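By convention in this document, chain letters (A, B, ...) are assigned in the order of the sequence lines, proteins followed by strands, and residues within each chain are numbered from 1. For clarity, every value in this text was computed on a predicted model and none was experimentally measured.
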Number of protein chains: 2
Amino acid sequence: MRRRRFGNAPAGAGVVTMSDVASRAGVSAQTVSRVIGRPEMVTEETRKRVHDAIRELNYIPNEAARNLASNSSRVVAVIIPTLSSSAFSAQVKATIDTLEMRGISVVIGNSEYSAVREEQIIQTLLERRPMGFILTGLHHTPRAMDLMRQSGVPVVETWDTDTAPLDCAAGFSNIAAGHDVGSLLAARGSRRIAFVGGAAHQDSRANGRFIGLSKALEEADLPPPLRIELVLPMSTQDGISGLDQVLQKAPMTDAIFFSADSLALAALLECNRRGLRVPEQLAICGFGDFDLASLVTPALTTVKIQPDVMGRASAELLLARLDGDDKPASVVLQHQLIRRGSA
Amino acid sequence: MRRRRFGNAPAGAGVVTMSDVASRAGVSAQTVSRVIGRPEMVTEETRKRVHDAIRELNYIPNEAARNLASNSSRVVAVIIPTLSSSAFSAQVKATIDTLEMRGISVVIGNSEYSAVREEQIIQTLLERRPMGFILTGLHHTPRAMDLMRQSGVPVVETWDTDTAPLDCAAGFSNIAAGHDVGSLLAARGSRRIAFVGGAAHQDSRANGRFIGLSKALEEADLPPPLRIELVLPMSTQDGISGLDQVLQKAPMTDAIFFSADSLALAALLECNRRGLRVPEQLAICGFGDFDLASLVTPALTTVKIQPDVMGRASAELLLARLDGDDKPASVVLQHQLIRRGSA
DNA sequence: GATCGTTGTGATAGCGCTAACAAGTCGGTA
DNA sequence: TACCGACTTGTTAGCGCTATCACAACGATC
């Protein structure tokens, strides 16, 4: 077979192989492989000669060949609902940064909040024989779980620690977070409370927050919260529509807990525009502590969760598994209720 | 060599190879390969038998082997300054979605606004023999450009069309966008105008906007704008610090053009808090048309650029190249100045 | 000085797949 | 009947790398 080049590349380098480097350096291909993979096994003298040859020839190792021969891929698959949400993108960025230091690349899948799409993505990404998966949430299709189990690949689940993970998890308790918000609202004197968030079947994180909220209200002898379910993906504008739905269905509502700051901020700004006084007439609480949350007037009361820490923790958990730790303990991150002016 | 499994997987499937499927279906491995890669070459009868075998054995093709044998990788490398910016993450999401339909995965690199890091990332990602690169901006180190050229891989550059691309580009004119803002500010009667954005050596997009702004002010016989350069990465809070720097260095400033909506929104909200009337005392213009831009009071005047369209366009440009189009025309997207209340 | 372990390097044999070609089958045409 | 081309399937030979084992060279040990 004729020498070929990168992809459908027209011409040039990239065709330099390890044995080209080897003959240039006067050593065997195996030695070149060692210089690249385990340099400590090679004398400094040889190492230098090989490095010179690599530089002179502009040699770039072929990852596919390396993967095939070593049966390991240096790729981790990360599946999130959508990259166009600052929380998920911050998480993924932290994961990429953490894994990059170990020479591991990340391949991202967007499930669009659908367990079925998640399953399809898992199936496809499995072709790359990833070293591990980082999934969002604890809910997956039965077949997705089977695929994970059968492949034997380590899995870390994120964003939720309220039920048992497939393997291990790096997340926080949505129920506890929702409970904290409920307690705060009850304590401040709110009586008719509503929840606005993603539809239960799409967004089990929002669901957890609602459950926690409900429990806190029950403990405070308050009526159960009205729940408005939004179809995902949500836009910021949906915050206003959520506000409207609440006011229409329950005009006497005196506090709303939004499952995302984007929604809460939109609603809060809309209240300002309408002259609805926050928090006197309507208290508002968000989730996520977006950058602007502290800058609006009144500043937004919200729950901080540090998605970047979660992204790093999940990557580290995976690395621990890859380094032989048989079953590292899940990481439960602490949320933080930040009380500002809006509730 | 003994049969091995996924990564360091403990047990289970994933060890099924194409020839296992072949013998199960009573055909050759090549026929299985055809069923997967070019099903139209195989009779329906055989195809069905092979599909049955695939399903029964839970066969999952090995992408690394496929890459090595076919000398092509089904991976595209995307390098952006940072994933933790909604504009870049929206862009990347659109790119992923577009390429996914062709079975191509995306590997992301975060350059952190550094050309040197970009070069390192290119070097590393080249090991995966990507089918193409999507880079941000037109400025790269000489060695990075050499690497691209030598590898012969198609390159699409994004976010800027103000100078000549390496290969082709999908972006918009930052100069024209800045010019539009300058013209608007001049027309509305602003006289002492400031620009707040990323440092010139880090952010050539912001630089282009500043150049356009300056030109428009010059054309309107206005003094050149004060420029405040922020060190990247910028946080939303930096909008306030930019505002402060402007007011300190040039207290008479009556308009500020921020190179990002996040900064502009922070500054606008801070003005509200301080009782500085926008736009009467200080006009504010942003860039990017964030979701909240239309919701604050006064609503933010800004420039809309549709990063998602850019992400899709850049992917399609790359696909055109891969499909043989020798040098597809660059795509110049139109920005849109959206005038609202703040300027 | 024979034996040992240690260290550095080389030779060999694949990893799982696809490209390229070979070969068989079929119906239609001369 | 012989031959052609179209279509389908099989055979062979790697892709570029690493795992594994073999082996040479060396000082340390008794």
> Is B:D52 paired with B:R49 through a side-chain N to carboxylate O contact shorter than 4.0 Å?
Replying inline: no
> Please give, in whole Å, the distance from C:dC17 P to A:R128 CZ?
Replying inline: 14 Å
>> Determine whether a donor-acceptor pair (N or O, by modelled atom type, separation under 3.5 Å) exists between the side chain of B:N62 and the backbone of B:A64.
In response: yes
> Of A:R34 and A:M18, whose closest DNA chain D nucleotide lies nearer the 5' terminus?
Replying inline: A:M18
>> Please classify the nucleic acid contact of B:S28 as base, sugar-phosphate, or nothing, using heavy-atom distances under 4.0 Å.
In response: base
>> Any carboxylate oxygen within less than 4.0 angstrom of a Lys/Arg side-chain nitrogen, looking at B:D323 and B:R102?
In response: yes
>> Please determine whether a side-chain nitrogen of the Lys or Arg among B:E40 and B:R34 lies less than 4.0 Å from a carboxylate oxygen of the Asp or Glu.
In response: no
> About how many Å separate NE2 of A:H140 and CG of A:L147, when rounded to the nearest 0.5 Å?
Replying inline: 12.0 Å
> Between A:R66 (CZ) and C:dG16 (P), how many Å, whole number?
Replying inline: 19 Å
>> If you go through the side-chain atoms of A:R129, does one of them form a donor-acceptor pair with the base of C:dG16 closer than 3.5 Å?
In response: no
>> If the threshold is 4.0 Å, N to carboxylate O, is there a salt bridge linking B:E63 and B:R74?
In response: yes
> Using rotation axes that map the C1' atoms of four end pairs onto the next four (five pairs an end), what angle separates the end axes of the helix from C:dG1-D:dC30 to C:dA30-D:dT1, to 10°?
Replying inline: 60°
> Nearest-Å distance, CG (B:N71) to C1' (C:dT18)?
Replying inline: 11 Å
>> From CD of B:E63 over to C1' of D:dC17, roughly how many Å is that when rounded to an integer?
In response: 17 Å
> Side chains of B:R129 and A:I60: closer than 4.5 Å at any heavy-atom pair?
Replying inline: yes
> Over how many whole Å does the gap from B:L68 atom CG to C:dC17 atom P extend?
Replying inline: 12 Å
> Does A:T46 make a side-chain N or O approach to OP1 or OP2 of C:dT9 shorter than 4.0 Å?
Replying inline: yes
> Can you tell which of D:dT9, C:dG16, D:dC17 lies closest to the side chain of B:T31?
Replying inline: D:dT9
> Side chain of B:T43: nearest nucleotide among D:dT9, C:dA19, D:dC17?
Replying inline: D:dT9
>> Base of C:dG8, side chain of A:R47 - is there a donor-acceptor contact under 3.5 Å?
In response: no
> What's the CD-P distance between B:E44 and D:dT9, to the nearest Å?
Replying inline: 12 Å
> Is it true that A:E118 and A:R143 make a salt bridge, defined as a side-chain N closer than 4.0 Å to a carboxylate O?
Replying inline: no
> Of the candidate nucleotides D:dC17, D:dC21, C:dC17, which contains the atom at the shortest distance from the side chain of A:A65?
Replying inline: D:dC17
>> How many whole angstroms separate atom CG of A:D20 from atom P of D:dC17?
In response: 9 Å
> A:Q30 or A:E40: which one's nearest nucleotide on DNA chain C is closer to the 5' end?
Replying inline: A:E40
> Taking atom C1' of C:dC15 as reference, at what distance in whole Å does atom CG of B:N67 sit?
Replying inline: 14 Å
>> Reading DNA chain D from 5' onward, which residue's closest nucleotide shows up sooner: B:V27 or A:I36?
In response: B:V27
> Of all the nucleotides listed (D:dC15, D:dC17, D:dG10), which has the minimum atom distance to the side chain of A:P61?
Replying inline: D:dC17
